[in-house]
Amino acid sequence: MLDLRYVVDHLEEVKALLETRGVRDAALFERLSTLRKGRSEAIQLAEGRRAELKRHSDEMAKIADKKSAEFAEKRAALRTLGDEIKTHEAKLMEIEQELNALLLELPNLPHESTPVGASEEDNPVVRVIGERPEFEFEPKDHVELGTSLGIFDFERAAKLSGSRFSVLRGAGARLERALTQFMLDLHTEEHGYTEVWPPILVKDSAMRGTGQLPKFAEDAFRIARDDADAEARELYLIPTAEVSLTNLHADEILDGASLPFGYTAYTPCFRKEAGSYGRDTRGIIRQHQFDKVELVRFCTEEQGLDELERLVSHAEEVLKRLGLHYRVVELCTGDMGFAARKTYDLEVWLPGQNAYREISSCSYCGDFQARRMKARYRPASLDGKKAKPQLVHTLNGSGLAVGRTLVAVLEQYQRADGSVVIPEALRPHMGGLEVIEHPAG
RNA sequence: GGAGAGAUGGCCGAGUGGUCGAAGGCACCCGCUUGCUAAGCGGGCAUACUGAAAGGUAUCGAGGGUUCAAAUCCCUCUCUCUCCGCCA
């Protein structure tokens, strides 16, 4: 969420910045300004009256004889005043509700360093790492490889759950687990992340905190329960562990000295993929349920940009250790996610598609999520005075999407006979297995 | 699922209608003291909104209600703890 005061005080700047993200709505900004003024007036009116009421109430406390005519008279007058206050406060609540609804729908402002552009075509490539693998044969895609190796079973997945679900078996299932464990070990042992095992079913307040709601409700799986009260009547399957991890510190004031720090978690993720009909229907690139190892970091405003570079390097390290060829692109304003100010995507090379595909997205969100979540920190105290709490800055990135990593391993490490070499870094997690071979016969 | 107890500031804990944004203690910060020494004394120490400022307003788990006035009374809900049942 953007800071209302900032938006209103820098209307033209905000308008221009949001336009680079595709938000074009002059009336909206007019409305925000009007509401902001109305809010101020309503508050002053309501609070002025309430102060008056309190003053008179205190006086009534001093009247010894509660049955006197004086007392009765005063009480009648104050009752009217009380009703008046209620009217003003109702008006105020109405304004705040509308303001809030409008602000919750606005995306974050891009960072000044974020390239301006309309779509993914405009994302600059930052660097390319490793060599594109060359094959003496026509490389197969992961579907062909996995199916013939007997490690994918799409028919049975469809039988159980329909399209966009998959069954992994044997070495395939083991590979998924090995990748997960490899990533978690790397991030906890070498990158300093605290491993977390979070809920994957969360309240809508958590989804709102990170920005999935209210705007992107159509892409979330919602679990309705008729046995709970209003607040937990609807739970959501997380589309990413970013939701669980970031909201861990909602409504908290962290110790400034603890920043920066990071959490990592392995979780399944769930997405309806509404609006992507026909896209990536083949294989396990785009699934309703997939595994991801997520990285989330909390820091101060000053640390933000450095932290983003650090986060990206942590995700990249996974690809490097696996020996996978990839590139880093920076997302332009038109392609960036709702909560992000600046984002790098890691795109891994998929020989079967002859294309680079997103395998990680690392974003710096500034105070956008923190404002929604009320997540703050207290800076170190200055000359004896307790410093005021500040909004924390949040970052998140995949480290990495496990299923897509599995795809990349299959496709980049395939051999002419359709077998797949296991990258060395994974072998300890695969019980020493070096090659996934065709089943005997 | 059944029975009961509770929720107050960073923590502990007092407070049953007005003088309570809230005693006291601990922790923390600043200063003083330095022959009572893992000590003593003084002061400070919630968050947010509003206002140029002084100040004002809100917040005692959440929401609603009664009242001129609610941490205190009433209603609904949530969470935590204990016991029983069930269960991975």
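No hydrogens, no waters, no symmetry mates; every other heavy atom, side chains included, goes into these values. Just so it is clear: chains get the letters A, B, ... in the order the sequence lines come, proteins before strands, and each one is counted from 1.
Using modelled atom types, no side-chain atom of A/His187 and backbone atom of A/Leu295 make a donor-acceptor pair closer than 3.5 Å. No donor-acceptor distance shorter than 3.5 angstrom exists from the side chain of A/Asp251 to the backbone of A/Lys374, with no hydrogens or angles considered. A donor-acceptor pair is defined here as one N or O able to donate and one able to accept, closer than 3.5 Å; such a pair exists between the side chain of A/Thr87 and the backbone of A/Asp83.
Nucleic acid contact for A/Leu81: none, since no nucleic acid atom lies under 4.0 Å from a heavy atom of the residue. Within 4.0 Å of A/Lys388, counting heavy atoms only, lie sugar-phosphate atoms of the nucleic acid but no base atom.
Across all strands shown, B/C26 pairs with B/G10; the Watson-Crick or G-U wobble distances both stay below 3.5 Å. Across all strands shown, B/G18 forms a Watson-Crick or G-U wobble pair with B/C68, both key distances being under 3.5 Å. Pairing of B/C60, defined by two Watson-Crick or G-U wobble distances under 3.5 Å, is not identified with any nucleotide. Pair assignment for B/C87: none, as no Watson-Crick or G-U wobble contacts are both less than 3.5 Å. Across all strands shown, B/U50 is found opposite B/G55 as a Watson-Crick or G-U wobble partner, with both distances under 3.5 Å. In a base pair of the Watson-Crick type (N1 to N3 plus N6-O4 or O6-N4) or a G-U wobble (N1-O2 and O6-N3), with each distance short of 3.5 Å, B/C41 is matched with B/G31. Look at B/C36: it lacks any Watson-Crick or wobble partner with both distances under 3.5 angstrom. Nucleotide B/C81 is matched to B/G4 when pairs are restricted to Watson-Crick or G-U wobble geometry with both distances under 3.5 angstrom.
Comparing B/G25 with B/U8, their C1' atoms sit 15 Å apart, to the nearest whole Å. Between B/C86 and B/G63, the two C1' atoms lie 33 Å apart (nearest whole Å). B/G61 and B/A71 have their C1' atoms separated by 12 Å, with the value rounded to a whole Å. The P atoms of B/C73 and B/G24 are separated by 24 Å, rounded to the nearest whole Å. For B/U59 and B/G65, the P atoms lie 13 Å apart once the distance is rounded to whole Å. Between the C1' atoms of B/A7 and B/G15, the separation comes to 15 Å (whole Å). Across B/G35 and B/U16, the matching P atoms stand 47 Å from one another, rounded to whole Å. Separation of the P atoms belonging to B/C60 and B/G21 is 12 Å when rounded to the nearest angstrom.
Residue-environment remark: CD (A/Glu19) exceeds the threshold of 12 foreign heavy atoms within 6.0 Å. Atom CD of A/Glu73 is surrounded by 12 or fewer heavy atoms from other residues, nucleotides or ligands within 6.0 Å. Within 6.0 Å of atom CZ in A/Arg169, 12 or fewer heavy atoms from other residues, nucleotides or ligands are found, so the atom counts as exposed in its surroundings. More than 12 heavy-atom neighbours from other residues, nucleotides or ligands sit within 6.0 angstrom of CD on A/Glu105.
Distance A/Met60 CE to B/C68 P: 8 Å, rounded to the nearest Å. B/G18 atom P lies 16 Å from atom CD1 of A/Ile63, rounded to whole Å. Computed from coordinates, the A/Leu92 CG to B/A48 C1' distance equals 14 Å when rounded to whole Å. Spacing between atom CE of A/Met1 and atom P of B/A48 amounts to 14 Å, rounded to whole angstrom units. Atom CD1 of A/Ile85 and atom C1' of B/G56 are 13 Å apart (whole Å). In this entry the distance linking NZ of A/Lys37 with P of B/U50 reads 15 Å, nearest Å. When the P atom of B/C49 is taken as reference, atom CG of A/Leu391 falls 10 Å away, rounded to whole Å. Separating the CG atom of A/Leu45 from the C1' atom of B/C49 is a distance of 16 Å, rounded to the nearest angstrom.
Between A/Arg75 and A/Ala61, it is A/Ala61 whose nearest contact on RNA chain B lies nearer the 5' terminus.
A salt bridge does not link A/Arg50 with A/Glu47: every distance from a Lys NZ or Arg NE/NH1/NH2 to an Asp or Glu carboxylate oxygen is 4.0 Å or more.
Taking 4.5 Å as the limit, every side-chain heavy atom of A/Leu160 sits out of range of all side-chain heavy atoms of A/Phe165.
Annotation: cation-pi geometry not satisfied between A/Arg164 and A/Phe290 (NZ/CZ under 6.0 angstrom from ring centroid, within 45° of ring axis).
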Can you pull every protein N or O that's under 3.5 Å from an N or O on nucleotides 57-66 of chain B?
unit_1	atom_1	unit_2	atom_2	d
B/A58	OP2	A/Lys54	NZ	3.0

Below 3.5 Å is the cut-off: list the nitrogen or oxygen pairs between protein and nucleotides 51-53 of chain B, distance only.
unit_1	atom_1	unit_2	atom_2	d
B/G51	OP1	A/Ser40	OG	3.3

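Scanning both residues, A/Ala340 and A/Met336, for their nearest heavy atoms gives O-CE, 3.6 Å.
Partners of A/Lys272 according to the salt bridge (charged side-chain N to carboxylate O under 4.0 Å, His left out) rule, which considers only residues two or more places apart in sequence or in another chain, do not exist here.
Relative to the side chain of A/Ile43, the nucleotides B/U50, B/A48, B/C68 differ in distance, and B/U50 lies closest.
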